[in-house]
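Residue numbers start at 1 and run along the sequence shown. Not measured: the values here are computed from a predicted model.
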Amino acid sequence: MEQLLQELRSFLDAEVPRFREKWGDDAGSWEARCAWQRTTAGGKWPAPAWSEEHGGRGACVATLASDDVHGARTTVSDDAAGGRLSGAKTHVLDAHIADVLLVTAVRGERVQVFAVDPRAEGVELRPLTVLDRTRKQYRVELTDVKGQLLDEDFGAGLSLTLYVAAVLACAELLGVAGRCLETAVEYALDREQFGRPIDGFQAVKHLLADSLVAVEQMRAAVGGAAEIAEGVVSARGRDGADLAEVASVVKAHCSKAAPGTAETLVQVLGGIGFTWEHPAHLYLRRAKTLEVLYGNATEHRAWLARALELVPA
């Protein structure tokens, strides 16, 4: 374990200074932005949250379960500790490693949120067959499960959470697209056909140029959306309605641009891009999954059209 800690510190020593330079050396600002915890082993930099037995400060993994299964809407019956829940949730991310499930339920006109132990009696986790095998999703069956009430009126909070999640998904889409572009350029510079690198062919140049434009547009859009999201979450006077509109605009754009860049990578790679041996399919799978997570482009554009009164509500 000590060797692993040392390797991690060496990596952070090399990679983190550029972020510290951008955000400043203030400990509070730095740790808040990194969302990491310091290790008890006295590491110079913040490190990922590990269990206490492995030299960390402990961590609690919580995942949101808010999507009801059609015909199995989550219901709540009163209980001394908060409530007992029955129903089913779907597309719950990483439920198998969660310490807590944050389960939403509608009572009257209010959305309530409960903390549920995923290992409690009456909770069944069913893995879903999804395109991206590296990000597992589950259907969570609840049968008279005890839940601790966390918020009696979480409607606004749930909306804000999903808007922020959409922006974070766009940030990940940007990362996927950026890596796809880098890989495509590296391959085009190295791969030769007809005695010359394929980056000299006009058709390949156009593909790479279009991908560069898409990535830079995503970078600008995600950066602006992240700034607004940070302002809203930090309660610095930003209006949540602004975040709703911006999140939908950015998600609609990135949901098309990132998968397109991943598809371009496969095209530039040619035959090797269609094999399991090359990681291109992993990038494409992640991009296509994020495309529909927290709303696809069509859904967000339809919401924007109604919000801007371009179509009847």
- Message: Less than 4.5 Å apart, side chain to side chain, heavy atoms only: is that true for Val123 and Asp117?
- Response: no

- Message: Please determine whether the number of non-hydrogen atoms from other residues, nucleotides or ligands lying under 6.0 Å from atom CZ of Arg133 exceeds 12.
- Response: no

- Query: How far apart are the closest heavy atoms of Gly273 and Ala280, and which atoms are they?
  - Reply: O-CB, 4.2 Å

- Item | Nearest-0.5 Å distance that lies between atom CG in Leu308 and atom CH2 in Trp303 | 7.5 Å

- Item | Residues Arg286, Glu172: salt bridge by 4.0 Å N-O rule | yes

- Message: Looking at every non-hydrogen atom in both residues, tell me the closest pair between Ala184 and Leu265 and how far apart they are.
- Response: N-CD1, 3.6 Å

- Measure the spacing between OG1 of Thr134 and NZ of Lys136 and express it to the nearest 0.5 Å. 8.5 Å

- Looking at CD1 of Ile198 and CZ of Arg191, how far apart are the two atoms once the value is rounded to the nearest 0.5 Å? 6.5 Å

- Message: Hydrophobic cluster membership, with links at side-chain heavy-atom distances under 4.5 Å among I/L/V/M/F/W/Y: are Val130 and Val69 in one?
- Response: no

- From Ile97 CD1 over to Tyr138 OH, what is the distance, rounded to the nearest 0.5 angstrom? 9.0 Å

- Query: Is it true that Leu181 and Phe201 fall in one hydrophobic cluster, defined by side-chain heavy atoms closer than 4.5 Å?
  - Reply: yes

- Short N-O contact, Lys89 and Asp68, less than 4.0 angstrom: yes

- Knowing that exactly one of Leu162, Leu160, Val167, Thr161 qualifies, which makes a side chain to side chain contact (heavy atoms under 4.5 Å, CB included) with Val164? Leu160

- Task: For residues Tyr283 and Cys180, report the shortest heavy-atom separation together with the two atoms involved.
- Result: CB-SG, 3.5 Å

- Item | Leu93-Leu158 co-clustered via ILVMFWY side chain contacts under 4.5 Å | yes

- Item | Linked, directly or transitively: Phe154 and Tyr163 (ILVMFWY side chains, under 4.5 Å) | yes

- Task: Examine Arg84 relative to Phe114 and say whether NZ or CZ is less than 6.0 Å from the centre of the six-membered ring and inside a 45° cone about the ring axis.
- Result: no

- Item | CG-OG1 distance between Asp151 and Thr104, expressed to the nearest 0.5 angstrom | 11.5 Å

- Message: I want to check something: taking the side chain as every heavy atom from C-beta on, are Val140 and Leu101 in contact at a cut-off of under 4.5 Å?
- Response: yes

- If every non-hydrogen atom of Cys254 is compared with every non-hydrogen atom of Pro259, which pair is closest and at what distance? O-CD, 3.7 Å

- Query: Which of these, Val103, Val92, Leu102, sits in a side chain to side chain contact (heavy atoms under 4.5 Å, CB included) with Thr63?
  - Reply: Val92

- Query: Of all heavy-atom pairs between Lys205 and Gly200, which one has the smallest distance, and what is that distance?
  - Reply: CE-O, 3.7 Å

- Query: Minimum heavy-atom separation for Met218 to Ala177, with atom names?
  - Reply: SD-CB, 4.0 Å

- Value for CZ (Arg179) from OG1 (Thr261), rounded to nearest 0.5 Å, stands at 14.0 Å

- Query: Is a side-chain N or O of Ser255 found less than 3.5 angstrom from the main chain of Asn296, in a donor-acceptor match?
  - Reply: no

- Query: Looking at side-chain heavy atoms only, is the closest gap between Leu173 and Val222 below 4.5 Å?
  - Reply: no

- Query: Does Thr90 reach the main-chain N or O of Arg139 with its side chain, forming a donor-acceptor pair under 3.5 Å?
  - Reply: no

- Query: Considering only heavy atoms from C-beta outward, does the side chain of Leu293 approach that of His91 to under 4.5 Å?
  - Reply: no

- Are any side-chain N or O atoms of Lys251 and backbone N or O atoms of Val246, one a donor and one an acceptor, separated by less than 3.5 Å? no

- Task: Is it possible for you to say whether Tyr294 and Val233 belong to one hydrophobic cluster, with membership spreading through side-chain heavy-atom contacts below 4.5 Å?
- Result: yes

- Should Leu269 and Val266 count as side-chain neighbours, where that means a heavy-atom distance under 4.5 Å? no

- Query: So do Arg107 and Asp153 actually touch side chain to side chain, heavy atoms under 4.5 Å?
  - Reply: no

- Query: Tell me, do Glu263 and Lys288 make a side-chain contact under 4.5 Å, heavy atoms counted?
  - Reply: yes

- Query: Any side-chain heavy-atom pair from Val215 and Leu174 closer than 4.5 angstrom?
  - Reply: yes

